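Presented below is the structure to which this report refers.
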Number of protein chains: 2
Amino acid sequence: MKISKELMKGSTVILILTLLNRKDMYGYEMTKEMETHTDGVFTLKEGTLYPILHTLESDQLVEAYWHEKDGRKRKYYRITKSGQDELSLKTKEWTLFRSTVDRVIEEGGRI
Amino acid sequence: MKISKELMKGSTVILILTLLNRKDMYGYEMTKEMETHTDGVFTLKEGTLYPILHTLESDQLVEAYWHEKDGRKRKYYRITKSGQDELSLKTKEWTLFRSTVDRVIEEGGRI
DNA sequence: ACTTATACATAGATATACGAGGTATTAATG
DNA sequence: CATTAATACCTCGTATATCTATGTATAAGT
């Protein structure tokens with residue numbers, strides 16, 4: 001099943017920061033990993049990903065560095081301390097959001 | 001904690017349809033009920049709600065009717081069969097979306 | 001009489017994701 | 001060896017959703 005892009009809004013940054021919190025990665029790698037890891041449910045589009053990475057970098061939530069490996073130059077991203085703090089915040093927000101939606105749709109709005 | 005409006009995007013319609021699946025309601029009532037029921041986490045803004053209700057009506061997912069009660073004229077909305085089908089679909093989509101986000105942030109993207 | 005709450009509505013501003021398009025390099029294929 | 005596919009980066013315009021601000025009207029409370 002495909003997830004509508006509107007549902008994705010607001011959730012993409014937390015996914016990216018989560019990946020970078022595990023290990024340094026480059027953009028193209030993140031698109032492939034997101035696709036395989038979620039069995040194609042999420043497809044981190046390049047037109048979405050790269051602008052976000054640039055914003056995260058200018059906000060100093062991640063740092064970029066070029067690194068050559070296997071004869072390929074890639075732009076790697078590393079999460080910063082601020083980025084980890086932001087991730088922690090966004091994770092709390094997500095948890096509250098998700099459980100509140102669940103509460104409404106499970107109880108149908110009953111008080 | 002306040003939920004960013006970007007996170008809300010794509011989730012508002014399912015919340016509205018869920019409320020209407022329980023009982024017929026009018027707009028203003030829905031804003032109050034959403035606020036109290038979620039302890040202020042979700043605040044269904046009127047500028048958001050009314051345009052959505054109009055769209056749902058023109059898509060024939062809900063039907064509107066005026067009804068006077070307690071000396072007040074209110075525009076009630078009733079969910080249609082199509083609306084219930086749509087709600088069922090959106091609920092499945094939400095469940096997949098939510099569990100996939102959880103999978104990523106819990107495992108950090110590990111395969 | 002005046003203010004607040006109820007009840008509906010719309011228009012403009014803002015943010016986000018995506019599709020389409022572009023460039024460059026390396027690997028694979030006929 | 002030439003061509004195509006895959007890798008790897010990037011930007012711009014478009015579509016969509018939510019919110020703020022604003023407006024109108026009626027009923028209730030002070």
Side-chain angles (χ1 to χ4, degrees), chain A residues 2-17 24-36 38 40-59 62 64-77 90 93-94 97 101, chain B residues 2-17 24-36 40-59 62 64-77 90 93-94 97 100-101:
Chain A
K2 214 169 91 68
I3 302 293
S4 91
K5 71 171 156 182
E6 297 306 328
L7 250 189
M8 291 306 301
K9 284 193 181 174
S11 308
T12 309
V13 170
I14 192 177
L15 295 175
I16 292 172
L17 286 178
D24 293 7
M25 294 182 82
Y26 57 97
Y28 191 75
E29 181 185 16
M30 298 173 79
T31 65
K32 297 299 164 190
E33 180 139 340
M34 188 63 73
E35 174 113 22
T36 57
T38 64
V41 178
F42 294 163
T43 52
L44 205 47
K45 305 296 189 314
E46 294 181 61
T48 304
L49 175 63
Y50 289 117
I52 288 179
L53 286 172
H54 301 155
T55 304
L56 290 175
E57 189 184 7
S58 78
D59 290 348
V62 303
Y65 60 95
W66 286 91
H67 179 64
E68 187 161 355
K69 200 184 170 188
D70 310 322
R72 284 187 176 279
K73 282 195 204 79
R74 290 148 176 168
K75 194 174 179 182
Y76 282 83
Y77 289 89
K90 280 195 183 299
E93 189 192 5
W94 162 258
F97 168 68
V101 172
Chain B
K2 213 169 95 54
I3 301 294
S4 91
K5 71 171 156 183
E6 294 307 326
L7 207 44
M8 290 307 300
K9 284 192 180 174
S11 308
T12 309
V13 170
I14 192 177
L15 295 174
I16 293 171
L17 287 178
D24 292 8
M25 294 182 83
Y26 58 96
Y28 191 76
E29 182 185 15
M30 299 174 78
T31 65
K32 298 299 165 190
E33 180 138 339
M34 188 63 73
E35 173 113 21
T36 56
V41 178
F42 294 163
T43 53
L44 205 47
K45 305 295 190 313
E46 295 180 65
T48 305
L49 176 62
Y50 290 118
I52 288 180
L53 287 173
H54 301 156
T55 304
L56 290 175
E57 190 184 7
S58 76
D59 290 348
V62 303
Y65 59 95
W66 287 91
H67 179 65
E68 186 160 357
K69 201 185 170 188
D70 310 319
R72 285 187 173 279
K73 283 194 204 80
R74 291 149 176 166
K75 195 174 180 181
Y76 282 82
Y77 289 88
K90 281 195 183 298
E93 188 192 7
W94 162 258
F97 168 68
T100 307
V101 172

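Basis for what follows: all heavy atoms, side chains included, without hydrogens, waters or symmetry-related copies. Convention: sequence-line order gives letters A, B, ...; per-chain numbering from 1. All of these numbers come straight from a predicted model, not from anything done at the bench.
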I want to check one thing: is the phosphate of D:dC9, taken as OP1 and OP2, less than 4.0 Å away from some side-chain N or O of A:His54?
no
Please state how far atom NZ in B:Lys32 lies from atom C1' in C:dA5, giving the value in whole angstrom units.
8 Å
How about B:Phe97 and A:Ser4: do any of their side-chain heavy atoms sit closer than 4.5 Å?
no
Side chains of residues 65-76 of chain A: which donor-acceptor partners sit under 3.5 Å, not counting sequence neighbours?
unit_1: A:Tyr65; atom_1: OH; unit_2: A:Asp24; atom_2: OD2; d: 2.4
unit_1: A:Arg74; atom_1: NE; unit_2: A:Tyr26; atom_2: OH; d: 3.4

A:Met8 side chain, from C-beta outward: closest of D:dA17, C:dT6, C:dC18
C:dC18
Using a heavy-atom cut-off of 4.0 Å across all strands, would you classify A:Lys5 as base, sugar-phosphate, or nothing?
sugar-phosphate
Kindly state which residues belonging to residues 45-53 of chain A come within less than 4.0 angstrom of DNA chain D, counting heavy atoms of the residue only, listed by number.
A:Glu46, A:Gly47, A:Tyr50, A:Pro51
Treating B:Glu46 as the side-chain partner and B:Tyr28 as the backbone partner, does any N or O pair qualify as donor plus acceptor under 3.5 Å?
no
From NE2 of B:His67 over to C1' of C:dC8, roughly how many Å is that when rounded to an integer?
17 Å
Is the shortest side-chain N/O distance from B:Tyr28 to OP1 or OP2 of C:dC8 below 4.0 Å?
no
Distance alone, cut at 3.5 Å: any donor-acceptor contact between the side chains of B:Thr43 and B:Lys45?
yes
Find out whether B:Leu56 and B:Leu17 are in side-chain contact, i.e. whether some heavy atom of one side chain is under 4.5 Å from a heavy atom of the other.
yes
Separation of D:dT20 atom C1' from B:Lys2 atom NZ, nearest Å, is 12 Å
Please report the distance, rounded to the nearest Å, between CG in B:Leu56 and C1' in D:dT18.
15 Å
Expressed in angstrom and rounded to an integer, what is the separation of A:Lys69 atom NZ from C:dT26 atom C1'?
17 Å
Checking the side chain of A:Thr48 only, and the main-chain atoms of A:Leu44 only, is there a donor and an acceptor separated by less than 3.5 Å?
no
Please report the distance, rounded to the nearest Å, between OH in A:Tyr65 and C1' in D:dA8.
16 Å
Spell out yes or no: do the side chain of B:Lys9 and the base of D:dT16 have one donor N/O and one acceptor N/O closer than 3.5 Å?
no
In terms of side-chain heavy atoms of A:Lys75, which of D:dC10, D:dC19, C:dA7 is nearest?
D:dC10
Using a cut-off of strictly less than 4.0 Å, decide whether A:Arg72 has a side-chain nitrogen or oxygen near OP1 or OP2 of D:dT7.
no
Distance check needed: D:dA28 C1' versus B:Arg74 CZ, whole Å only.
12 Å
Protein-nucleotide distance (A:Glu33, atom CD; D:dT7, atom C1'), rounded to Å:
16 Å
After noting the C-alpha distance and the side-chain angles of B:Met8 and B:Phe42, does the key distance pass the side chain to side chain contact (heavy atoms under 4.5 Å, CB included) rule?
CA-CA 9 Å; B:Met8 290 307 300; B:Phe42 294 163; 3.5 Å; yes
